[in-house]
Every structure is written in structure tokens, then in C-alpha cells.
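In the text below, chain A, chain B and the rest are named by the order of the sequence lines, each starting its count at 1.
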Amino acid sequence: MHFNGEQQRQSIICFLVCSLKGFTMGELEVEKHAQYILSVEKRKDDFESVVMEHLRMNGAYWGLTTLDLLGKLETVDKDEIVSWVMSCQHESGGFGGNVGHDPHILYTLSAVQVLALLDKLDVLDIDKLANYIASLQNEDGSFSGDMWGEVDTRFSYIAICCLSLLHRIDKINVEKAVNYVVSCKNLDGGFGSIPGGESHAGQIFCCVGALAITGSLHHVDKDLLGWWLCERQVKSGGLNGRPEKLPDVCYSWWVLSSLIMIDRVHWINKEKVARFILDCQDKENGGISDRPDDAVDVFHTYFGVAGLSLLEYPGLKAIDPAYALPVHVVNRIFFGR
Amino acid sequence: MHGRPRKPQKPVDDASIAKAAKLRVLQAQFFQNHHDKIYAKEALEISAKLLETNPEAYTAWNYRKLAVEHNLRSETDPDAIKAVLDEELRVVESALRRNFKCYGAWHHRKWVLNKGYSSVDHEFRLLDQFQKADSRNFHAWSYRRFVAALKNMSEEEELKYTTDMIETNFSNYSAWHNRSVLLSHLLKQKIEGFTPREKVLTEEYELVHQALFTDPDDQSGWFYHFWLLDQTVTPGAPVLVSSWPAHGSDLFVSFKGNLDGGVSSSFTSFCSDKGAFPLIIYFNQSVGGINSSTVTVKHLFDKNEDLIWVPLATNNSGNAQAWVTFLRFPDVKDDSLKAYPVEVKVGHSQCAFTVSLRSIDSKHGEGGSDMEMIVWKDDSFHASEPLLLSPPVVSLDQATTNKEPEQIDSRWHEETLANEIALFQELLSEINCKIGKLTLARLLRAHDKMIYKMPFADEKTHSKEVLDLFSDLMKLDPSHSRYYKDEHSLVLMEQVVSNRESLLTYCWKYGEAHPSYLCNPICLRLSKLSLSRIGSFENLLWVQMLDLSHNELWSIEGLEAMQLLSCLNLSNNKLRSFTALEPLKLLKSLKVLNISYNEIGAHSIDTSRYLFSSPLSHTVGDDWNIDAYVTDGVKMNYWEAAVIFKGLYLTQLDVVGNAIVDEKFNLFLTHILPSLVWLDGDRVY
């Protein structure tokens with residue numbers, strides 16, 4: 001591998017920007033994390049891997065998005081992935097977490113996101129998939145996860161995000177969907193999983209994301225929610241998911257993306273969050289954990305890297321806070337370029 | 001995946017491989033049964049074993065539901081049915097003991113309960129156990145609400161449960177949250193025992209005080225207290241707070257050229273070449289449904305029903321605090337200075353002003369070739385003569401002739417606020433805590449808003465004390481310093497523009513030579529005030545020239561209400577992207593704009609991307625096409641700038657000092673702004 005002039009210029013800029021922002025060059029173990037993800041993908045025989053088989057589709061999305069943000073997506077076999085993704089599709093149009101697993105809206109979004117990342121959305125029968133999602137909308141505007149009827153605002157976000165990426169949002173009743181999300185707004189400005197449910201950063205991300213994509217952010221009291229969200233930053237600099245809980249790297253994504261969508265991210269100390277995420281790396285073996293010195297996994301590796309991208313960590317591709325995909329992918333889908 | 005210590009990597013040993021293989025065999029058997037639709041006893045046991053080991057295997061929960069439906073399809077004996085369903089509950093309990101946050105397990109339990117054969121009381125006992133193990137488990141709280149509804153438990157009973165939980169341990173945010181939901185329902189429905197509202201809220205204040213004062217660093221009571229405060233100060237029905245032209249003012253409208261200085265107060269003069277002047281009304285909260293049937297305007301040259309009202313908002317909600325319509329006036333050739341009255345009535349508010357029309361033969365041409373450039377330097381401005389200039393009277397509280405029927409009992413509100421202020425001052429004298437300072441700042445501000453309703457009141461307000469509190473907080477809690485800074489800026493603006501004398505010190509007269517459209521040379525100069533945010537727009541509707549340079553603005557939200565703005569200086573601020581300039585799209589009178597030395601193009605993450613109309617948020621029409629904003633050879637980076645500038649007729653623009661600016665960008669600007677005469681101080685040809 002040799003550097004050409006442009007790469008040399010980029011790495012000098014990266015070094016300078018890193019120094020200016022207070023990050024030492026090479027703090028984020030890009031190579032190690034990429035290797036970690038690729039190794040997890042191959043690992044099949046240990047207990048952990050077997051227990052996680054049912055959410056491999058989510059794992060694929062987390063792993064591949066992280067690789068793209070790190071600039072390492074070209075190392076994967078795209079055709080193999082596409083073929084495996086499609087083999088998880090059910091006759092109903094929905095996708096399961098792995099081959100033979102039942103369809104669910106959770107894995108349907110991840111499948112679409114993976115295909116979007118690889119620029120392979122054209123392999124889909126888009127209307128069939130869109131109809132599956134539309135069929136999950138209930139009378140009150142809410143969405144069920146699958147035919148068994150569990151309702152959660154996570155599914156509202158998923159339906160809206162997924163259909164928007166496929167340019168089929170008109171297949172659902174958007175007004176009712178928005179009204180249902182708004183009905184889950186709490187007096188602290190946050191959102192829960194169902195009406196009356198406690199505010200939680202994960203649910204807030206889903207509701208704010210759903211409202212952002214449907215042009216409905218005027219329903220959010222940005223100052224009130226912004227204050228609740230910025231108070232997730234604890235003394236160590238990490239972010240928790242709700243009051244009096246421990247910080248966790250995954251909230252770096254949910255709290256940060258929510259703050260960014262409502263333009264209040266400057267209300268937290270960004271350097272301290274970045275420091276917290278970097279401290280959660282396993283610098284020897286790769287991967288990022290929920291808290292410093294805990295066991296790593298792909299889930300937290302993705303959220304850590306995505307969080308750093310939102311914090312404009314140099315060298316990482318920008319990620320879109322609402323669609324949770326790299327900005328260049330979102331631009332390709334909406335602007336054709 | 002959470003909370004497991006990092007262990008050194010060791011090679012996968014035989015025991016682990018065996019364990020994994022065993023699970024794989026179990027899974028394979030399960031999936032075989034599932035796909036073959038086998039629901040016999042042995043098959044069920046395999047699924048139970050699987051869920052015991054791995055409750056997250058969601059397909060197994062689906063399978064069990066199918067099995068129940070299959071096995072019960074011809075069962076009528078209620079005991080037999082109950083036995084089958086009890087077995088499901090046992091499997092769920094076993095799964096929850098392994099992972100009490102498992103969505104699949106909780107949903108399966110709900111599914112079983114919904115069949116109506118299970119003991120609800122047993123569920124409450126189970127929930128009590130979960131509450132003891134983890135009082136913050138939101139699955140359990142959500143399930144509790146579900147079970148309470150099944151049993152038709154009253155909201156009062158459930159409220160008592162939250163009281164018990166809170167009294168056991170104040171640090172139970174989940175209990176406070178549930179309390180807020182129940183209490184707001186009970187108050188809204190005016191359930192017996194929960195009226196009058198004021199009595200209930202007073203008791204809630206006492207309850208939350210115990211939490212706050214026991215441990216001020218514990219957040220559990222903060223948001224509940226903030227909600228109570230909101231209930232105490234929030235106004236009822238919307239009320240008109242200001243307008244332009246302002247109530248009691250005499251407006252001089254001139255057309256076809258320049259208004260001579262010295263004719264009248266320069267605050268109330270307006271030039272128009274469109275044959276109409278704007279009428280802006282500003283409410284104390286966002287409102288919808290403003291149209292010719294809800295607003296009555298008595299104007300000599302317009303029929304009320306012809307008037308079209310437009311909300312001044314950057315979103316598609318149809319609601320806004322500020323609304324505008326345009327009042328036409330005829331091309332009066334004679335020099336008639338006759339003032340005629342205009343009356344505006346909306347709800348219980350009204351205002352009235354007079355208009356005088358003045359036609360002047362222009363000495364200056366309107367052509368672009370002799371358009372003077374605005375220079376924003378200090379020596380361009382000189383102090384405005386106080387005699388001629390009195391700021392427009394803004395308050396409409398004096399104008400309101402009819403009292404609202406449901407006048408809020410303001411005495412309780414004032415007393416409660418005063419009480420809270422005293423309590424928090426006492427707290428702060430003992431403990432120097434963040435929540436104490438923040439709450440006191442909010443209380444004092446709310447108190448000022450409530451008591452001092454009239455702008456330009458010369459009575460003392462708490463502004464200085466509030467500003468000091470926010471400055472203290474920036475040091476006490478540096479991680480959130482920019483939150484406090486934004487609040488500080490809003491209070492500073494209130495202080496600056498709400499007081500007649502203060503406002504005048506910020507008003508300057510722009511020099512002699514200026515473009516013909518700048519008939520009103522009064523500039524409000526708010527530069528170098530460390531403002532990170534702007535507000536108090538109800539007092540700024542009259543402003544035509546505004547200097548906000550050398551501040552720390554990251555947003556210009558709310559600026560869209562200032563419909564008269566023709567010259568705006570935003571240079572040397574912290575604006576990060578063109579999407580942050582969306583309010584400018586609504587400023588149709590804008591001619592001169594300076595956004596130099598900001599941070600546009602310097603950031604990879606756009607924090608106002610979703611507050612901006614674009615296809616990403618479905619806030620543009622179906623016919624929107626990026627090609628209309630992107631020309632050949634021009635990078636896609638410029639489309640947001642195109643969207644902002646396309647609707648404006650700027651004659652002067654400054655953009656230098658932003659990362660996005662280069663030759664290509666400047667060329668693009670000249671294409672998108674054909675009316676541009678000056679770009680970064682150079683003439684455009």
C-alpha cells in the first residue's frame with residue numbers, strides 16, 4: 001500500500017485537525033475495529049454467536065455501517081451479503097433476523113439499510129416490502145412489530161424510515177402515524193414506547209426521528225426536550241438514557257442524534273463524550289464496549305463509531321442522524337447523486 | 001451485551017464449543033418443528049427449553065402463540081384453557097428471570113392476559129417483586145399500566161401507588177413520571193378530590209420539594225418540578241402582545257422614493273414600491289386559524305374578507321406566533337397627508353393606528369447602477385436624536401378593551417411563585433447547588449413576565465439577578481455552559497429591548513448616503529453582546545436595519561417575524577450551514593445581507609438539516625427537483641444556498657470568511673441572485 005499525494009494531504013489535514021480538536025492522532029483504532037467486525041462476522045461456533053443468531057440482520061447493519069464510516073466497506077463481499085439478506089425474506093415481504101426466522105419489522109429495516117449501504121436497493125420488490133410494512137399500521141396510527149401485535153414507537157420510526165428510503169411513504173397514513181407518536185409525548189418533553197410510557201433516550205430517538213422524517217418537528221418542544229437530553233451527560237462525560245442511570249456508549253448515538261435533529265447538541269460537552277467513547281475501546285483486540293473495561297460487541301462498536309461521527313471526529317464519514325446511514329448514502333437515495 | 005467485564009481473549013475451549021453445539025441442536029430441532037407446524041408436547045418442551053436458555057429467540061415466542069391457538073382451537077373447558085395459558089405464564093416468568101428486560105417475554109405475557117383467563121391479582125404480586133428488584137424497569141411499569149387497565153383500577157388508586165413508591169424512595173423517576181401522567185388526567189377531567197387545581201398543585205409542590213431538598217443532585221424531582229412550574233405560569237388563551245404598525249402609532253407610508261427626514265418619527269415610516277404595507281400581529285404563543293373570519297381589519301382601501309393571512313413559520317404546521325397580511329393603498333398623486341384610521345380586532349384583543357400616505361417624486365433613481373453600498377463600520381453610524389425618536393409603543397395589554405371571560409386566578413400564581421422564590425433562595429443560602437440556581441433563575445424570570453406585563457415599564461425587574469445566576473451556572477456546571485449561555489442571551493435581549501431608555505441606546509442613525517429603499521435609516525445595533533440566541537421579537541417588529549454582528553449566534557430562529565427587515569448583518573457569528581438561515585426565506589424585504597465570517601461549510605454534521613425544508617423530511621412538494629437548484633459543474637454542496645437565495649432579491653451580499661466560499665461558489669451566487677450589485681464589497685457585472 002503506498003500513499004498518493006491526495007492521501008498524504010488528507011492524512012496531514014487529519015493530523016492537524018486532530019491536534020486542534022485535542023484528539024491525539026490514532027486515538028480511534030480504525031484498523032482494529034474493522035478487523036474486529038470482520039472477525040465477528042465469521043465467528044459461528046462459540047456460544048455467544050449462536051445466542052445472537054436471531055439478530056444477525058441487525059448485526060449486519062451495525063457492522064457494515066461501521067465499516068463504511070471507517071472507510072473500510074470495500075473489504076466485504078457485497079454479492080454474498082445481498083444474497084444472504086434476500087434469503088431472509090419471507091413470503092409476506094418482511095425479513096427475519098436470519099434464515100428461517102420469522103419476519104419482523106425490526107429486521108426489515110436493517111435489511112433495507114444494508115441494501116441501501118451497498119447500493120443494491122434495486123434487488124428488492126419494493127412494493128411487496130412496502131405493503132408488508134403498511135399492513136402493520138393500526139387504526140390509531142401506531143405500528144405493530146409483526147402479526148402478533150406488539151406496539152411500540154420503535155416500530156413507528158422503523159416504518160417511516162424504511163418507507164421513506166424506498167420512496168413509498170404514501171403507503172401509510174402519515175398524519176395518523178404522526179399523531180400516534182405525538183400521543184407518546186411526555187410532560188418532560190421526552191417520548192415513551194406507548195402513550196404513558198416513561199421517556200427513554202432510545203424511544204426519544206425513534207420518535208424524534210419519525211417526526212423529523214415526516215417534517216413534524218414542530219410538535220417537539222425543542223428547548224424542553226433539549227434540556228432533558230443534555231442532562232443525560234454525567235460527570236464522567238458519558239451519556240445515560242434517562243435520569244439516575246449509568247452512562248453507556250449506545251446512548252452516545254441516541255442522545256446525540258436526537259439533540260442534533262433538534263439543533264441543541266451544543267448544550268452538552270462534546271469533547272467529554274468523545275473522550276468517553278474512546279475510553280470504551282478495546283485497543284488491543286478491537287471493538288467498543290458499553291462502559292470502559294467491559295466486554296465489547298458489534299452493537300456498541302457501531303454506536304461508538306456513529307457517535308464519534310456525529311461529534312465530527314476527523315477521518316470518519318458523516319452519518320445522518322435521522323436515517324442512521326452515512327450521509328452520502330442518504331444523498332444518493334434522495335438526490336440521486 | 002451490557003455490563004459484562006472485559007476478559008482476556010482465550011481460545012475457544014471444548015466446553016464452550018460443546019455448549020454452543022448443544023444450543024445449535026436445540027435451535028435446529030425447534031425450527032424444524034416450527035416449519036413443520038408440530039405443536040405436540042415434546043415439541044413445546046423444546047421451545048420452552050430454548051426460551052429458557054435464550055429468551056431473545058423471538059421466533060420461539062411466535063411459535064408458542066401458534067401452538068396455543070392450535071391446541072385450544074377446539075377446547076371449551078375453561079379449566080383446561082387456563083391450564084394451557086398458565087403454562088405460558090410459567091415459561092414467561094422463567095424467561096424474565098433470565099432477562100427481565102426481554103420484549104418478547106413481556107409481550108407474550110400481555111397476549112396471554114388479554115385472553116382473559118388469568119388472575120390479574122397474581123400479576124400485581126409479580127410486579128411488586130419486579131419493583132423491588134428494579135424500581136426503574138420500564139417494561140414492568142408499562143405492564144403495570146396494562147394490568148391496572150384490565151382490572152379497571154382507578155387513576156386515584158394508581159396515583160396512591162406512586163405516592164407510596166416516592167415516599168419509599170424519592171429517587172424513583174419512573175414513579176414521578178407515572179404520577180405526572182395520572183395527575184394531569186385527573187386534573188383535566190376535574191375528578192372529585194382533584195379540584196380546585198390550585199390546591200392539588202400546591203400539594204404537589206410540597207411533595208417534590210422533599211425530593212429536591214433531600215438530595216439536590218438527584219434528578220428525579222427536577223423535571224416534575226419544572227412541569228409544576230409550567231402549570232403555574234402558562235397563560236391560558238392566546239393573547240395579542242404586539243403588532244406592526246403598533247397600537248396608537250401614526251404610520252407614514254411613502255412610495256416612489258425617499259421619505260424626507262424630519263417629517264415624522266422615523267420609527268414609524270415605511271417605503272413601499274408594491275402598493276401595500278404589511279400588517280403584522282404577534283401573539284404570546286403559537287396560534288392557528290388566523291384568517292379573515294377570525295381577524296377583523298377595518299381599513300379604508302381593503303375589504304376584510306379579501307385579506308389573506310400568512311403564518312410566519314419555517315415549518316408546515318400552519319401555526320405561528322406571528323402572522324402577516326398586506327394592506328393595499330392607492331397611488332395617490334396629490335400630496336395628501338390626511339391620516340386615516342385602521343382598526344384590528346382578534347379575539348378579545350384589538351389595536352388601532354393611523355396611516356398617512358405620501359407620494360414623493362424621487363430625486364434618486366431606483367436603478368441598480370447608482371445603488372450605494374451599505375458599510376457596516378462604526379463610523380457609518382451616529383447616535384439618533386432622542387427628540388425625534390420614541391420607540392413604538394408595543395404593548396397591547398392597554399389596548400385590550402374586553403377582558404377574557406376565563407380570567408385566570410392570577411393571585412394564586414403570583415403567591416405560589418413568590419413562595420417558590422423564597423424557598424429556593426433559602427436552599428441556595430445553605431447549599432450552592434446547580435438545580436437551586438437554575439430553578440431560581442427560571443422562577444425570577446417567570447415572575448417578571450407575569451408581573452411586568454407592559455414592555456417599556458421602567459419598574460425594576462430581576463434581569464440582573466437572573467443574568468448573574470446564569471453566569472454562575474456556566475462556571476458551576478461547565479459541561480452545560482452553552483445551555484446556560486443561550487438562556488443568558490435570551491434574558492439579555494429581554495433586558496435590552498423591553499425598556500424604552502435601554503432600547504434607545506442601541507438605536508443608531510445610518511449615515512447620509514444610502515440606497516433609496518432605505519427610507520428608514522434607524523439601525524438597531526446589537527453587536528458585540530456575546531449573544532448566542534435572539535428573542536423578544538414582539539418588541540422588534542418595527543426594525544428595518546439590524547446589526548447582530550460579532551456575537552455567537554448559532555441560530556436565527558424567530559427572525560422570520562421581522563417582516564420589515566431590509567438590511568441584516570450576521571457577520572462574525574457561529575452559523576454553521578445554510579440550513580440555519582431558513583428564516584431568511586420569509587423576509588421578502590431583505591436587500592442587504594452580511595453573513596461573512598461564520599462557519600458555513602466548516603462542519604461535516606449539519607445540525608439544522610431537519611429543521612429545513614427538503615425531500616429528506618417530506619416538506620417540499622412532489623414536483624421538487626434538485627436539478628432546479630444545481631447547475632452544471634456546480635457541486636451539490638450549494639443546493640441549500642440556492643434554496644435560501646432563490647426567493648430573495650438581494651442587492652448586497654457578503655459571504656467571505658466561510659469555509660464554503662471559493663471562486664466557484666461566488667460565480668454560483670451571481671447566477672442565483674441576478675439582482676446582486678455588491679458581492680463581498682466588489683461590484684458585480
Where is the tightest heavy-atom contact between B:Ser479 and A:Gln233, given as atom of each residue plus distance? CB-OE1, 3.8 Å

Distance check, rounded to the nearest 0.5 Å: B:Leu616 atom CG versus A:Phe334 atom CZ? 5.5 Å

Would a 4.5 Å heavy-atom cut-off, applied to side chains only, mark B:Tyr63 and A:Asp102 as touching? no

Student check: side-chain heavy atoms of A:Asp248 and B:His2 closer than 4.5 Å: yes

Proximal component of A:Lys317, with respect to chain B [non-hydrogen, under 4.5 Å]: neither

Measure B:Asp606 against the heavy atoms of chain A and call it side chain, backbone, both or neither at under 4.5 Å. backbone

Atom of B:Ser617, atom of A:Ala212 and distance for their closest heavy-atom approach: CB-O, 3.1 Å

With a 4.5 angstrom heavy-atom cut-off, is it the side chain or the backbone of A:Cys280 that approaches chain B, or both, or neither? backbone

With only heavy atoms counted, which part of B:His34 is less than 4.5 Å from chain A, the side chain, the backbone, both or neither? side chain

B:Gln219 side-chain N/O to A:Glu244 backbone N/O, donor-acceptor pair under 3.5 Å: no

Side chains of A:Glu198 and B:Arg136, heavy atoms from C-beta outward: is any pair under 4.5 Å? yes

Region of A:Leu259 that comes under 4.5 Å of a non-hydrogen atom in chain B: neither

So what's closer than 4.5 Å to chain B heavy atoms on A:Leu224: side chain, backbone, both or neither? side chain

Highest number of heavy-atom pairs under 4.5 Å with chain B among A:Lys272, A:Met147, A:Met52, A:Arg232 belongs to A:Arg232

Distance in Å, A:Ser199 OG paired with B:His177 NE2, rounded so as to fall on 0.5 Å steps: 6.0 Å

Given that the side chain runs from C-beta out, which part of A:Ile169 has a heavy atom under 4.5 Å from chain B: side chain, backbone, both or neither? side chain

Choice from A:Val50, A:Val330, A:Asn269 maximising heavy atom contacts with chain B below 4.5 Å: A:Val50

So what's closer than 4.5 Å to chain A heavy atoms on B:Arg4: side chain, backbone, both or neither? both

Which bit of B:Ala320 comes within less than 4.5 Å of chain A, counting heavy atoms only: side chain, backbone, both or neither? neither

Give the member of B:Leu182, B:Thr314, B:Thr59 that has the highest number of heavy-atom pairs under 4.5 Å with chain A. B:Thr59

Please confirm whether the ring centroid of A:Trp267 lies under 6.0 Å from the ring centroid of B:His480. no

Output yes when a side-chain donor or acceptor of B:Arg24 lies under 3.5 Å from a complementary backbone atom of A:Phe47, and no otherwise. no

Pair B:Lys110 + A:Glu150: basic N to acidic O under 4.0 Å: no

What orientation do A:Trp148 and B:Trp111 show, parallel under 30°, tilted 30 to 60°, or perpendicular over 60°? perpendicular

So which atom in B:Tyr103 and which in A:Gln203 form the shortest heavy-atom distance, rounded to 0.1 Å? OH-OE1, 4.0 Å

Evaluate the side-chain proximity of A:His266 to B:Asp486: yes if any heavy-atom separation is below 4.5 Å, no if none is. yes

Drop me the distance from A:Thr214's OG1 to B:His618's NE2, to the nearest 0.5 angstrom. 9.0 Å

Please state whether the side chain, the backbone, both or neither of B:Thr53 comes within less than 4.5 Å of a heavy atom of chain A. side chain

From A:Leu187 atom CG to B:Ser184 atom OG, the distance as rounded to the nearest 0.5 Å: 4.5 Å

Check each atom of B:Trp624 against the heavy atoms of chain A and say whether the ones under 4.5 Å are side chain, backbone, both or neither. side chain

Tell me whether B:Arg6 contacts the main-chain N or O of A:Asp294 through its side chain, where contact means a donor paired with an acceptor under 3.5 Å. yes

Who wins among A:Ile268, A:Asn186, A:Asp146 for the most heavy-atom pairs under 4.5 Å with chain B? A:Asn186

Proximal component of B:Ser174, with respect to chain A [non-hydrogen, under 4.5 Å]: both

What part of A:Asp282 gets closer than 4.5 Å to chain B, counting heavy atoms only: side chain, backbone, both or neither? both

Is it true that the NZ or CZ of B:Arg482 lies under 6.0 Å from the centre of A:Trp227's six-membered ring and within 45 degrees of the ring axis? no

Select one option (side chain, backbone, both, neither) describing which atoms of B:Glu487 are under 4.5 Å from chain A's heavy atoms. neither

For B:Asp217, is there an ion pair with A:Lys235 - N to carboxylate O distance below 4.0 angstrom? no

May I ask you to name which of B:Thr619, B:Asp218, B:Asn316 has the most heavy-atom pairs under 4.5 Å with chain A? B:Asp218

Measure distances from A:His200 to the heavy atoms of chain B and classify the residue's part below 4.5 Å as side chain, backbone, both or neither. side chain

Which atoms of B:Lys434 come close to chain A, meaning under 4.5 Å heavy atom to heavy atom: side chain ones, backbone ones, both, or neither? side chain

Under a 4.5 Å heavy-atom cut-off, does chain B meet the side chain of A:Asp290, its backbone, both or neither? side chain

By a 4.5 Å heavy-atom criterion (distance strictly below it), what part of B:Ser604 contacts chain A: side chain, backbone, both, or neither? both

Enter the distance from B:Thr607:OG1 to A:Asp263:CG here, rounded to the nearest 0.5 Å. 3.5 Å

A:Met261, A:Arg291, A:Arg264: which one forms the most heavy-atom pairs within less than 4.5 Å of chain B? A:Arg264

With a 4.5 angstrom heavy-atom cut-off, which part of B:Arg533 approaches chain A: side chain, backbone, both or neither? side chain

Chain B interface, residue from A:Leu316, A:Val249, A:Ile319, A:Asp293 that has the most non-hydrogen pairs under 4.5 Å: A:Asp293

Relative to each other, are the rings of A:His54 and B:Tyr58 parallel, tilted or perpendicular (30° and 60° limits)? perpendicular

If we ignore angles and hydrogens, is there a donor and acceptor under 3.5 Å between the side chains of A:Asp223 and B:Tyr483? no

Side chain from CB out, backbone as N, CA, C, O: work out which of these in B:His107 comes under 4.5 Å of a heavy atom of chain A, or both, or neither. side chain

Looking at A:Arg242, A:His219, A:His300, which one has more heavy-atom pairs under 4.5 Å with chain B than the rest? A:Arg242

Among the listed options B:His185, B:Gln27, B:Lys19, B:Lys22, the residue most often paired with chain A at heavy-atom distances under 4.5 Å: B:Lys19

Under 4.5 Å from a heavy atom of chain B, the part of A:Leu217 involved: side chain

CG of B:Asn54 to CD of A:Glu53: how many Å apart, nearest 0.5 Å? 9.5 Å

Side-chain touch B:Tyr173/A:Lys245, heavy atoms, less than 4.5 angstrom: no

Note, A:Ile194 side chain near B:Ser142 side chain (heavy atom, < 4.5 Å): yes

So, the part of A:Val265 with a heavy atom under 4.5 Å from chain B: the answer is side chain

Please state whether the side chain, the backbone, both or neither of B:Leu183 comes within less than 4.5 Å of a heavy atom of chain A. neither

Charged N to carboxylate O under 4.0 angstrom, B:Arg609 versus A:Asp320? yes

Which heavy atom of A:Ala318 sits nearest to which heavy atom of B:Ile605, and what is that distance? CB-CD1, 4.0 Å

Counting only non-hydrogen atoms closer than 4.5 Å, does B:Phe226 touch chain A with its backbone (N, CA, C, O), its side chain (CB onward), both, or neither? side chain

